Amino acid sequence: MKVKEIARTANIAWSPASHHPIYLAAGTAAQQLDATFSTSAALEIFALDLTSDDREMPVKGMLSSEHRFHKLVWGTYGMETEETPSGILVGGTDSGSVVLWNPVKILNGETDDAVLIQNDKHTGAVQALDLNPFQPNLLASGASDSEIYVWDLNSPDNPLTPGAKSLPPDNISCLSWNRQVQHILASTSPCGRCVVWDLRKNEPIIKVSDQGSMFGPVARTVASQRPRARHVYVVNRVN
């Protein structure tokens, strides 16, 4: 049953579960065109109001963007402060930038001051992002040429790598932190490769390769309810 909708060609991110009211951020999708063939791009924030009979979600804030987006995530980092009580929005862009915005500034129309951090360290489009569920200041980003960086948002100028680049080099299409072990990170690539990284050892600990199928945009590294069990769930584009 359809409850709400927005008419956008966009990548999206929900506001954190602890945030009220509930918002949905939408950034114009990279490498796609809408029905109007527009070349402009925007980052918009919509409100979810389940008490309203309107299907269309209202726009609560918007800024024009020079970037198009491969990935958006909305994290809790900074929610305990007066400056960023709604956390942070992070975008992975087609230009190779990782950009952090203050959602409150966008909602208040203060778009000139909305950018908190912009880093251009990646050499290609940033297609993968994930925020650590245990340490919200840790952000993983992935791009072309097997580039993966882990950023400490408290000191974002010098990101770390989880280990040596995987070979042969390929795009990083998805990243996911383990939901039970905070220093474990998984990455996938379109060539059919999934790598599990141990950041304490600074090296890969598991490599899975399937040249017969392309791993798609969803990859999760999760732990089962059993304390010592670990599972990696990988979804390909065919299935």
Side-chain angles (χ1 to χ4, degrees), residues 10-27 43-48 60-63 65 67 69-93 95-122 126-143 147-162 172 174-187 197 199-200 219-223:
N11 286 306
I12 63 171
W14 287 104
S15 57
S18 58
H19 186 277
H20 297 283
I22 302 172
Y23 290 124
L24 178 72
L43 178 60
E44 299 172 279
I45 298 179
F46 299 82
L48 177 63
K60 294 299 183 180
M62 186 272 287
L63 60 78
S65 173
H67 312 285
F69 301 92
H70 285 283
K71 182 71 175 180
L72 278 178
V73 293
W74 193 330
T76 60
Y77 176 75
M79 284 184 67
E80 71 284 356
T81 68
E82 292 184 3
E83 181 184 5
T84 53
S86 293
I88 55 164
L89 261 172
V90 188
T93 72
S95 62
S97 298
V98 176
V99 188
L100 278 70
W101 291 271
N102 184 345
V104 169
K105 296 289 187 180
I106 300 174
L107 291 166
N108 292 340
E110 303 172 38
T111 56
D112 291 341
D113 300 321
V115 175
L116 296 169
I117 299 170
Q118 178 170 333
N119 196 295
D120 303 318
K121 189 172 180 63
H122 282 293
V126 180
Q127 299 182 23
L129 295 170
D130 198 26
L131 287 159
N132 191 296
F134 299 95
Q135 295 179 261
N137 60 300
L138 294 184
L139 169 71
S141 63
E147 282 186 346
I148 300 174
Y149 291 120
V150 177
W151 311 78
D152 182 351
L153 300 182
N154 294 322
S155 180
D157 294 334
N158 297 299
L160 305 175
T161 62
I172 302 298
C174 186
L175 291 168
S176 183
W177 290 101
N178 191 285
R179 266 45 186 175
Q180 198 173 68
V181 184
Q182 63 182 7
H183 59 273
I184 300 297
L185 176 71
S187 65
W197 306 85
L199 270 67
R200 289 185 177 176
R220 297 290 180 192
T221 308
V222 296

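Model, not experiment: these values are computed from the prediction. Atom set for the values below is all heavy atoms of this structure, side chains included, hydrogens, waters and symmetry mates excluded.
Although no hydrogens or angles enter the test, the distance criterion places no donor-acceptor pair under 3.5 Å between the side chain of His20 and the main chain of Ile22. Side-chain N or O atoms of Asn132 include one that pairs as donor or acceptor with a backbone N or O of Gln182 at under 3.5 Å. At least one donor-acceptor pair closer than 3.5 Å links the side chain of Asn11 to the backbone N or O of His70.
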Inset, instruction - For side chain to side chain contact (heavy atoms under 4.5 Å, CB included), just list the numbers for Leu116 and Thr84, CA-CA rounded to whole Å, side-chain angles, deciding distance to a tenth of an Å, and then say yes or no. - result: CA-CA 10 Å; Leu116 296 169; Thr84 53; 4.1 Å; yes
Inset, instruction - Would you please test Val90 and Tyr77 for side chain to side chain contact (heavy atoms under 4.5 Å, CB included) and show each step? - result: CA-CA 11 Å; Val90 188; Tyr77 176 75; over 6 Å; no
Inset, instruction - Run the numbers on Tyr149 and Thr161 for side chain to side chain contact (heavy atoms under 4.5 Å, CB included), then give the verdict. - result: CA-CA 5 Å; Tyr149 291 120; Thr161 62; 3.7 Å; yes
Inset, instruction - Check step by step if side chain to side chain contact (heavy atoms under 4.5 Å, CB included) holds for Leu43 and Val99. - result: CA-CA 12 Å; Leu43 178 60; Val99 188; over 6 Å; no
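The two atoms that bring Leu175 and Gly142 nearest to each other are CD1-N, 3.4 Å, heavy atoms only. In terms of heavy-atom proximity, Ile12 sits nearest to Ala26 at CG2-CB, 4.1 Å. For the pair Pro85 and His19, the tightest heavy-atom approach, listed with the atom from each and the gap, is O-CD2, 4.2 Å. Between Pro136 and Thr76, the shortest heavy-atom distance links the atoms CB-OG1, 3.5 Å. Of all heavy-atom pairs spanning His67 and Ser97, the tightest one is CE1-OG, 3.8 Å.
The CH2 atom of Trp177 sits 12.0 Å away from atom CH2 of Trp197, with the distance rounded to the nearest 0.5 Å. Between the CG atom in Leu131 and the OG atom in Ser141 there is a gap of 10.5 Å [rounded to 0.5 Å]. Going from atom CG of Asp157 over to atom CG of Asn119 covers 7.5 Å, rounded to the nearest 0.5 Å. The distance from atom CD of Gln118 to atom CG of Leu100, rounded to the nearest 0.5 Å, is 10.0 Å. Here the NZ-CD distance, from Lys105 to Glu83, works out to 7.0 Å after rounding to the nearest 0.5 Å. One distance of note links OG of Ser187 with CG of Asp130; it measures 12.0 Å at 0.5 Å rounding.
When side chains are defined from C-beta on, Tyr23 does not count as touching Pro103, because their heavy atoms never get closer than 4.5 Å. Contact of the Ile117 side chain with the Ile88 side chain is not registered, since no non-hydrogen atoms from C-beta on lie closer than 4.5 Å. Ser86 places a side-chain heavy atom less than 4.5 Å from the side chain of Val104. Side-chain contact between Leu24 and Leu48: absent, with no pair of heavy atoms (C-beta onward) separated by less than 4.5 Å.
Within a 6.0 Å sphere centred on CG of Asn154, other residues, nucleotides and ligands contribute more than 12 heavy atoms. More than 12 heavy atoms of other residues, nucleotides or ligands lie within 6.0 Å of CD in Glu80, so this atom counts as buried by the packing criterion.
Looking at residues two or more places apart in sequence or on another chain, you find a ring-ring contact (aromatic ring centres under 6.0 Å, His included) between Trp101 and Phe69.
Tested against Asp152 for a side-chain contact (heavy atoms from CB on, under 4.5 Å), the candidates Leu138, Asn158, Leu160 yield a single pass: Leu138.
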